[in-house]
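To keep things clear, I will list the structure first and then write my remarks on it.
Quantities reported herein were computed from a predicted structural model and do not represent experimental measurements.
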Number of protein chains: 2
Amino acid sequence: MKPVTVYDIAKEANVSVATVSRVLNNTAPVKKSTRDRIVELMNKYQFQPNALARSLSKKETGMIGIILPDITNPFFPAVLAGLEQEARSKGYTFFLCDTVSTNGDSKEQYERESQYLSLLIEKQVDGIVMIGGRINLARPSESMVTEVVDISKRVPTLLINGHLPGQNIHSICVDEREGGELATQHLIDLGHRDIGFIGGYQSMANSIHRVQGFVKTMEKNGLKVRKEWILDGGFSVEKGKLFMNHLLSLPERPTALFCANDLVAIGALKSAYNAGLRVPEDLSLVGFDDVPYASNSIPELTTVSLKCYDVGKSAAEHLHQMITKNKVSRKTKIRPELVIRESTAPPKGLN
Amino acid sequence: MKPVTVYDIAKEANVSVATVSRVLNNTAPVKKSTRDRIVELMNKYQFQPNALARSLSKKETGMIGIILPDITNPFFPAVLAGLEQEARSKGYTFFLCDTVSTNGDSKEQYERESQYLSLLIEKQVDGIVMIGGRINLARPSESMVTEVVDISKRVPTLLINGHLPGQNIHSICVDEREGGELATQHLIDLGHRDIGFIGGYQSMANSIHRVQGFVKTMEKNGLKVRKEWILDGGFSVEKGKLFMNHLLSLPERPTALFCANDLVAIGALKSAYNAGLRVPEDLSLVGFDDVPYASNSIPELTTVSLKCYDVGKSAAEHLHQMITKNKVSRKTKIRPELVIRESTAPPKGLN
DNA sequence: AAACTAATTGACAACGCTTTCAATTGTGAT
DNA sequence: ATCACAATTGAAAGCGTTGTCAATTAGTTT
């Protein structure tokens, strides 16, 4: 019942473990006859080398750890898919760390990030990628940043769509601001002048950037941004509904809405629909991220694509370079792209 | 730059590594004064024990491997969430194995499953959970089953919503057939007589069971099931559209559709919508799984809930029992539940 | 056949932790 | 003091690989 080891094989083949190791790794020539004998034994016993022992000895595990906030948010599986695909082709394997907390307490979430960070070190992963969570905070606490800075000194660490103030950790991200500009300009080009922004958190970098792109573009076009049409406080469908409901209760309403992400847009869409508004006839909606949801709603969502898959893929490539100690530029940017679908149209008066 | 080891700590504290290990694991009493000294050094050097070494020695890793077909399908993150939450609370950690193949080749997918199965053994995971893929095949190849049977003898293995013909591997699953009955009866109770079934694969157990529940209930109610209204060949939104389009081209159409999963239902919904049909007025739709999508569409999908989160959670508990060698019943069933939302209504003529 | 280079192999020390067994130290009782 | 016993500790043997260095064997060349 005990697993067979190189030692067992060696003994039965009348060779030393060194030789067995050699055929196992093709690390040095072995006479054909003895190699055959060993291979045969390996098959006979279904020998599977113990990766722990191997890693301990070689000081490399081929594992990369990924810390993300919530696997249930479709955005993360989307980038994960690209990451996985690429990393796998390079021989890496995955350690999934979901920091979601049952009660939605973000303090607990950051706490969990810390735990996982240590854990990954202990597990001796070859690299770490972080996405979402503290690295998306506009102003993370001192300890939060030093913690990951320390980590990044011990093992190649890559941030996806995030950064740490005052630090210069490797990252790959897409220009959120530009995305915000794209979306807003699209709406303006359609003829909208009364545009609102909903979703996100003022404490998070991505939200801030998206809003900045929005505001900048509005002003560039000589349009006024109305404070009461900028609502934040969440990234979920549920929150999207709430935001929309609030907007609906206002005396004056925007004709178009730029949503902090697709989920919020979906929520807004639902609320608008329930209130009898038609999208895009009565209200234009643009989302952000381009998760699968976006193209499956009715109407399909116009959105700015973060190109999740590509981001994931680049991340894997970048991290691989870091691990193999090739030099890479510290930051790599990916440009977002506007995907025009069905949820945007000229405002009503303009037909 | 080298990581500090128990040995380093021991030396500086003037004790043996055994003692260091003891304070590290609280595995035996250590005099307060020396314990304090050691703890202090650990902090000073930010000592983090090497989990590889520890696992090698203890013969346990605290890792559980999970093999799934495609993280991008929202169903899997949903059960993963429950699994993760529960497993984490028990001190386990995750090894993610996504077997998706870029080109959608299922042969390649099964191949990948084999690779991951070996890999997990090599990595010495404490347990394995499989979901989807070959364990959902109605008639998997001989080698596919012996492979996982062999694995299950080496390490606790649990199947979620799957089985292997002629074997008796631990599994936790929800009764697909009953789900099919629930959905169908609901439609019939609403007054529908012309009901179709779309989606799934005739080669897959879950599809077969769902159809069986459908057929059985139809017959029980004295209704005829029409061959031409049973379409299979996929689980995606895209396929759902195709199925619907085909149905639309038929001279006679069903007034209600039971879809193999929510994604297919969404696809059908979109096609119906594009064809000018209104759901549920002109067509009733019921999905299966109850992924987040289901409650975010317009109209919201009536569906049979697989209670993904619960399934994941039970799986974690079950596997934990297996790992700790407590006795558990080999199979645990979870009952599906009909969730009535907005996509179903009495057929038109009946108002 | 001797000398020499090339091809194969084996011994053994890491890798960093846990665990067993025995040795040492400390304590209160006598 | 002395003894019995409990509380602490240390030495060393694993755990299953890899990798280095030296030794052995085989193959050429003269």
Atom [atom1] of [X] to atom [atom2] of [N]: distance rounded to whole Å?
X: B:Lys31; N: C:dG26; atom1: NZ; atom2: P; result: 7 Å
X: B:Asp8; N: C:dC17; atom1: CG; atom2: C1'; result: 13 Å
X: B:Tyr7; N: C:dC17; atom1: OH; atom2: P; result: 13 Å

Taking side chain to side chain donor-acceptor pair (under 3.5 Å) as the test, write out the residues that go with A:Ser33, two or more places apart. none

Which sits closer to the 5' end of DNA chain D, B:Pro29 or B:Lys59, going by the nucleotide each is nearest to?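 Final value for this comparison: B:Pro29.
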
Scan B:Leu68, B:Ile160, B:Ile66, B:Asp98 and name whichever one has a side-chain contact (heavy atoms from CB on, under 4.5 Å) with B:Phe76. B:Leu68

Here the residues of residues 34-46 of chain B within 4.0 Å heavy-atom distance, strictly under, of DNA chain D are B:Thr34

If you fit an axis to the five pairs at each end of the helix from C:dA1-D:dT30 to C:dT30-D:dA1, how big is the angle between those two axes, to 10 degrees? 50°

Contact boundaries of DNA chain D with chain B (under 4.0 Å, heavy atoms), 5' to 3'?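 So the outermost contacting nucleotides come out as D:dT8 to D:dG16.
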
Just call it for B:Asn14: base, sugar-phosphate, or nothing, with non-hydrogen atoms closer than 4.0 Å on any strand. sugar-phosphate

Which atoms of nucleotides 18-22 of chain C (N or O only) lie under 3.5 Å from a protein N or O atom, and what are those distances?
from, atom 1, to, atom 2, distance (Å)
C:dT18, OP1, B:Asn25, OD1, 3.1
C:dT18, OP1, B:Asn25, ND2, 2.8
C:dT18, OP1, B:Arg54, NH1, 3.2
C:dT18, OP2, B:Ser21, OG, 2.7
C:dT18, OP2, B:Asn25, ND2, 3.3
C:dT18, O4', B:Ser57, OG, 2.7

Any chance you could measure A:Asn168, atom CG, to A:His170, atom NE2, to the nearest 0.5 Å? 7.5 Å

Which pairs, with at least one residue in residues 115-124 of chain A and sequence neighbours excluded, count as a side chain to side chain donor-acceptor pair (under 3.5 Å)? A:Tyr116-B:Glu84

